[in-house]
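See structure below.
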Amino acid sequence: MSDSESDGGEVEKGVEHFNGPVENAWLMKIPEFKPEDNPNGLVEESSFSCLFPKYREKYIKECWPLVVKALAAHHIKADLDLILGNMTVRTTRKTWDPFIIIKSRDLIKLLSRSVPFEQAVKVLEDEISCDIIKIKNLVRNKEKFVKRRSRLIGPNGCTLKSLELLTNCYVLVQGATVSAIGPYKGLQCVRKVVEETMKNIHPIYNIKALMIKRELMKDENLQEENWERFLPRFQAKNTSKRNKPKVVKKKKEYTPFPPPLPESKIDKQLASGEYFLTDEQKRSKKRQEQVAKEKRNEVVQKKRREQDFVAPEETSKRAKGDGSNATAQLDVKSLKSKIAKANKRAGKTK
């Protein structure tokens with residue numbers, strides 16, 4: 001047996017010691033970290049601080065006893081400074097978990113980003129983490145930023161709710177950041193959807209892909225196959241919105257002289273001679289113009305009223321002649337018939 005074959009056999013034997021295949025590493029359960037694993041505790045004290053905005057002061061002040069109680073279970077001390085608007089968490093001598101201070105830092109960060117305490121306290125669990133995505137610098141234009149952010153939320157928050165159901169994460173859009181709380185695999189999907197939405201890719205495409213993947217996970221025969229053939233492929237279409245041909249503006253001939261200034265009101269009065277009239281003459285002229293305007297309006301209105309009483313025009317002369325001849329012919333026939341009847345009666349009487 002060669003060296004390569006022996007190495008391969010050792011690797012295969014090593015793989016058999018895992019609880020599951022390497023591809024299902026996300027499904028592996030992380031062993032719980034207990035106080036017996038670190039009996040000596042931490043060597044040095046660690047602390048983190050976080051500022052919060054003024055509008056969050058009332059809510060943080062109300063829920064701060066709950067924050068202190070939740071952190072005290074992990075031997076973490078929490079301080080609140082309302083004067084400076086600052087939250088601080090620090091380790092104590094009894095703290096045995098070295099990573100709990102990072103979880104506590106995430107907790108106060110989420111509270112400052114308008115996340116409610118009921119959701120933010122879930123970060124202290126082992127399987128749960130958080131991700132604060134900054135979306136302000138992804139779009140330069142402010143109008144486009146607001147439009148794409150509202151597209152991520154969806155009408156009545158339905159897009160955000162469907163994203164939460166597919167990723168098992170809590171997602172909150174606040175200002176220039178998106179806060180997500182949930183398992184690590186779900187946070188990766190949320191970050192991908194948020195970043196692609198701010199890059200002008202509609203979130204419905206990623207939501208459809210997540211729904212298909214969710215159905216494919218239920219089939220045990222497809223777990224080790226490539227899912228690319230099942231996922232939809234959306235191609236970006238750069239369609240021109242211009243229907244009419246582009247009008248090319250002709251370049252004007254260069255002239256060293258500036259364009260003439262428009263005439264002012266005084267220039268127009270000087271040209272018509274109105275500038276030199278007295279106040280009485282101006283009033284009389286204005287009165288005469290008003291009387292003339294009223295007379296013109298009366299004439300126009302009279303013509304409009306008389307139109308209702310004008311008789312409609314008759315048909316052409318030829319049509320009139322044809323009608324008269326036809327009536328004349330009908331009268332002659334009736335006379336002939338009457339004369340014939342009279343002669344018959346006269347013959348019978350004789």
Side-chain angles (χ1 to χ4, degrees), residues 30 32-35 37-38 41-138 149 152-153 157 160 163-164 167-191 193-195:
I30 301 172
E32 186 180 354
F33 190 76
K34 298 179 180 180
D37 299 329
N38 188 17
L42 305 179
V43 179
E44 296 182 358
E45 180 183 326
S46 301
S47 63
F48 289 100
S49 299
C50 180
L51 298 172
F52 59 87
K54 185 71 176 177
Y55 64 87
R56 290 290 291 171
E57 180 179 342
K58 183 179 178 181
Y59 180 78
I60 292 174
K61 186 178 179 181
E62 291 175 356
C63 71
W64 192 250
L66 299 174
V67 176
V68 173
K69 184 178 179 180
L71 294 176
H74 301 275
H75 304 289
I76 297 291
K77 189 176 180 181
D79 298 325
L80 176 64
D81 191 349
L82 296 175
I83 298 173
L84 299 177
N86 187 21
M87 293 181 287
T88 308
V89 289
R90 60 170 58 89
T91 58
T92 59
R93 292 184 178 180
K94 295 182 180 180
T95 307
W96 49 269
D97 189 355
F99 193 67
I100 195 64
I101 187 64
I102 304 297
K103 297 268 191 179
S104 305
R105 179 202 63 183
D106 294 340
L107 172 62
I108 60 175
K109 273 188 178 181
L110 292 171
L111 289 174
S112 66
R113 295 308 308 161
S114 300
V115 178
F117 171 75
E118 292 79 8
Q119 299 292 337
V121 76
K122 295 179 182 178
V123 184
L124 300 177
E125 300 176 12
D126 290 338
E127 301 290 337
I128 305 298
S129 184
C130 74
D131 189 8
I132 299 175
I133 308 163
K134 296 181 180 179
I135 58 175
K136 187 176 182 180
N137 297 329
L138 297 177
R149 184 180 62 180
L152 176 65
I153 298 170
L160 209 62
L163 186 63
E164 290 178 353
T167 58
N168 297 326
C169 296
Y170 173 81
V171 185
L172 176 69
V173 180
Q174 173 69 18
T177 59
V178 178
S179 304
I181 306 169
Y184 294 96
K185 194 67 176 177
L187 294 176
Q188 286 184 354
C189 297
V190 171
R191 175 171 278 273
V193 173
V194 170
E195 289 180 350

### Query
What's the shortest heavy-atom distance between Pro98 and Asn38, and which atoms?
CD-ND2, 4.4 Å
With a 3.5 Å cut-off and sequence neighbours excluded, list the donor-acceptor pairs that the side chains of residues 167-176 form with protein atoms.
{"unit_1": "Thr167", "atom_1": "OG1", "unit_2": "Leu163", "atom_2": "O", "d": "2.6"}
{"unit_1": "Gln174", "atom_1": "NE2", "unit_2": "Tyr55", "atom_2": "OH", "d": "3.4"}

#### Entry: Residue pairs, two or more places apart or on separate chains, that pass side-chain hydrogen bond (donor to acceptor under 3.5 Å, both in side chains) and touch residues 94-109
Thr92-Thr95
### Query
How many angstroms lie between CZ in Phe99 and CG in Leu124, if you round to the nearest 0.5 Å?
11.0 Å
### Task
Go through the structure and list residues passing salt bridge (charged side-chain N to carboxylate O under 4.0 Å, His left out) with Lys54, not counting sequence neighbours.
Glu57
### Message
Show, in sequence, the C-alpha distance, side-chain angles and deciding distance for Ile102 and Phe48, and conclude whether the side-chain contact (heavy atoms from CB on, under 4.5 Å) test is met.
### Response
CA-CA 8 Å; Ile102 304 297; Phe48 289 100; 4.0 Å; yes
### Query
How would you list all residue pairs meeting side-chain hydrogen bond (donor to acceptor under 3.5 Å, both in side chains) that involve residues 123-137, not counting sequence neighbours?
Asp131-Arg191
### Message
Let me confirm one number: the CD1-OG1 distance from Ile133 to Thr177, rounded to the nearest 0.5 Å.
### Response
9.5 Å
### Flag, side chain of Ser46 to backbone of Thr91, donor-acceptor distance under 3.5 Å
no
Which side-chain N or O atoms in residues 59-81 pair as donor and acceptor under 3.5 Å with protein atoms at least two apart or in another chain?
{"unit_1": "Tyr59", "atom_1": "OH", "unit_2": "Phe117", "atom_2": "N", "d": "2.9"}
{"unit_1": "Asp79", "atom_1": "OD2", "unit_2": "Arg90", "atom_2": "NH1", "d": "2.3"}
{"unit_1": "Asp81", "atom_1": "OD1", "unit_2": "Ile83", "atom_2": "N", "d": "3.2"}

### Task
Of all the heavy-atom pairs spanning Thr88 and Ser49, show the shortest one and how long it is.
OG1-OG, 3.3 Å
### Query
How close do Ser112 and Cys50 get, heavy atom to heavy atom, and via which atoms?
OG-SG, 3.6 Å
### Message
Let me confirm one number: the NZ-CG distance from Lys122 to Leu107, rounded to the nearest 0.5 Å.
### Response
13.0 Å
### Message
For Leu110, give me all partners under side-chain contact (heavy atoms from CB on, under 4.5 Å), at least two apart in sequence or on another chain.
### Response
Val115, Ala120, Val123, Cys130, Ile132, Ser179, Ile181
## Note on the structure
Taken to the nearest 0.5 Å, the spacing of Leu42 CG from Arg93 CZ works out to 12.5 Å
